[in-house]
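Inspection log for the structure reproduced underneath, given as structure tokens.
Every heavy atom of this structure was used, including side-chain atoms; hydrogens, water molecules and symmetry mates were not. Predicted, not measured: the structure shown is a model, and the values here were computed from it.
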Amino acid sequence: VQLQASGGGLVQTGGSLRLSCSTSGSTFRNYDMGWFRQAPGKEREFVSAIGSSGSGSGTRYTDSVKGRFTISRDNAKRTVYLQMNSLKPEDTAVYYCVARSHTAGYYFSPETYGYWGQGTQVTVSS
């Protein structure tokens, strides 16, 4: 499956952005989808995940974004979204869309995702 992320940009503290990740090449509904981010000088960090349709599309979030970010998927459009509200400077990072065709392994571990998009830059100014 190929992933194409978009929607990043520059926003002020407290603002909002919606990231999109469009896919092609396989049966989208069967994939767990997610978002990771990487800030300069830091390790890649789990942000959010949503299960495949078969698993009930359950959602997961890292603690620092709970209540501010919402992940969703549109199987008809083969797209996953990350709505980001109340953005903070510490949210500044390159955001990567990810996918995996299985449920083995921890959803927050980057090693379990076999497919990665190219990344989209999110910058939150103070």
Side-chain angles (χ1 to χ4, degrees):
V1 61
Q2 292 78 47
L3 309 176
Q4 181 71 40
S6 62
L10 173 64
V11 65
Q12 292 185 335
T13 297
S16 298
L17 284 173
R18 187 176 81 157
L19 304 184
S20 299
C21 177
S22 59
T23 71
S24 61
S26 191
T27 308
F28 174 74
R29 65 178 62 248
N30 294 338
Y31 284 74
D32 288 350
M33 304 295 297
W35 294 91
F36 283 75
R37 66 186 179 186
Q38 188 167 22
K42 295 187 177 181
E43 293 188 353
R44 199 160 289 187
E45 173 191 29
F46 169 77
V47 177
S48 182
I50 185 166
S52 66
S53 295
S55 70
S57 299
T59 58
R60 297 285 188 272
Y61 301 93
T62 192
D63 286 346
S64 63
V65 309
K66 285 181 180 177
R68 300 189 297 122
F69 290 11
T70 303
I71 191 170
S72 61
R73 64 189 299 158
D74 185 330
N75 291 330
K77 294 183 178 179
R78 306 170 61 90
T79 300
V80 63
Y81 304 97
L82 186 67
Q83 177 67 44
M84 306 186 295
N85 299 327
S86 302
L87 283 161
K88 305 175 181 180
E90 50 264 42
D91 295 318
T92 295
V94 176
Y95 283 69
Y96 297 91
C97 175
V98 298
R100 65 180 189 179
S101 59
H102 59 85
T103 57
Y106 296 114
Y107 61 86
F108 51 80
S109 175
E111 290 77 20
T112 71
Y113 293 90
Y115 304 95
W116 290 71
Q118 86 286 6
T120 184
Q121 176 71 47
V122 172
T123 303
V124 184
S125 63
S126 58

Derivation and outcome, side-chain contact (heavy atoms from CB on, under 4.5 Å), residues T92 and V122: CA-CA 5 Å; T92 295; V122 172; 5.8 Å; no

From CA spacing to verdict: side-chain contact (heavy atoms from CB on, under 4.5 Å), Q4, Q118: CA-CA 7 Å; Q4 181 71 40; Q118 86 286 6; 3.0 Å; yes

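Hydrophobic clustering (ILVMFWY, side-chain heavy atoms < 4.5 Å, transitive): L17 and V65 are in one cluster. Under the 4.5 Å side-chain heavy-atom criterion for Ile, Leu, Val, Met, Phe, Trp and Tyr, Y61 and Y113 are members of distinct hydrophobic clusters. When hydrophobic clusters are built by joining Ile, Leu, Val, Met, Phe, Trp and Tyr residues whose side-chain heavy atoms come closer than 4.5 Å, directly or via intermediates, V80 is not grouped with F108.
Here the straight-line distance linking atom NZ of K66 with atom OG1 of T59 works out to 10.0 Å at 0.5 Å rounding. To the nearest 0.5 Å, atom CD of residue E90 and atom OG1 of residue T13 are 8.0 Å apart. Expressed to the nearest 0.5 Å, how far CG of L87 lies from CD of Q12 amounts to 11.5 Å.
Among pairs with a residue in residues 7-75, those fulfilling disulfide (SG to SG under 2.5 Å) read C21-C97, at least two apart in sequence or across chains.
Of the N and O atoms on the side chains of T123 and Q121, at least one donor lies less than 3.5 Å from an acceptor on the other residue. Between N75 and S53, the side chains place a donor N or O and an acceptor N or O closer than 3.5 Å (distance only, hydrogens not considered). Defined by atom type and a distance below 3.5 Å, a donor-acceptor pair is missing between the side-chain atoms of D74 and T79. A donor atom on one side chain and an acceptor atom on the other are not found under 3.5 Å apart for Y81 and R18.
Proximity of a side-chain donor or acceptor of R73 to a complementary backbone N or O of G51 within less than 3.5 Å is detected. A donor-acceptor pair under 3.5 Å is formed between the side chain of T112 and the backbone N or O of Y106.
Of all heavy-atom pairs between A93 and R37, the closest is CB-CB, 3.8 Å. Taking both residues in full, the closest heavy atoms of S86 and R68 are given as O-NH1, 2.9 Å, listed atom of the first, atom of the second, then distance. Between L3 and Y115, the shortest heavy-atom contact is CD1-O, 3.5 Å. Across all non-hydrogen atoms, the minimal contact from V94 to G119 is CG1-CA, 3.8 Å. D32 approaches S55 most closely through the heavy-atom pair OD1-OG, 4.2 Å.
A salt bridge does not link D91 to K88: none of the charged nitrogens lies less than 4.0 Å from a carboxylate oxygen.
Both tests do not hold together for R100 against Y31: distance to the six-membered ring centre under 6.0 Å, angle to the ring axis within 45°.
Taking the six-membered ring wherever Trp is involved, the centroid distance between the rings of Y107 and F46 falls below 6.0 Å.
Note on ring orientation: taking the six-membered ring where Trp is involved, the planes of W116 and F36 are tilted (angle from 30° to 60°).
Between T62 and S48 the shortest side-chain heavy-atom distance does not fall below 4.5 Å. Proximity of S64 to E45: side-chain heavy atoms (C-beta onward) are separated by under 4.5 Å at one or more points. Between V11 and S125, every side-chain heavy-atom pair lies at or beyond the 4.5 Å cut-off.
Looking at I71, V98, L82, I50 one by one, the single match for side-chain contact (heavy atoms from CB on, under 4.5 Å) with M33 turns out to be I50.
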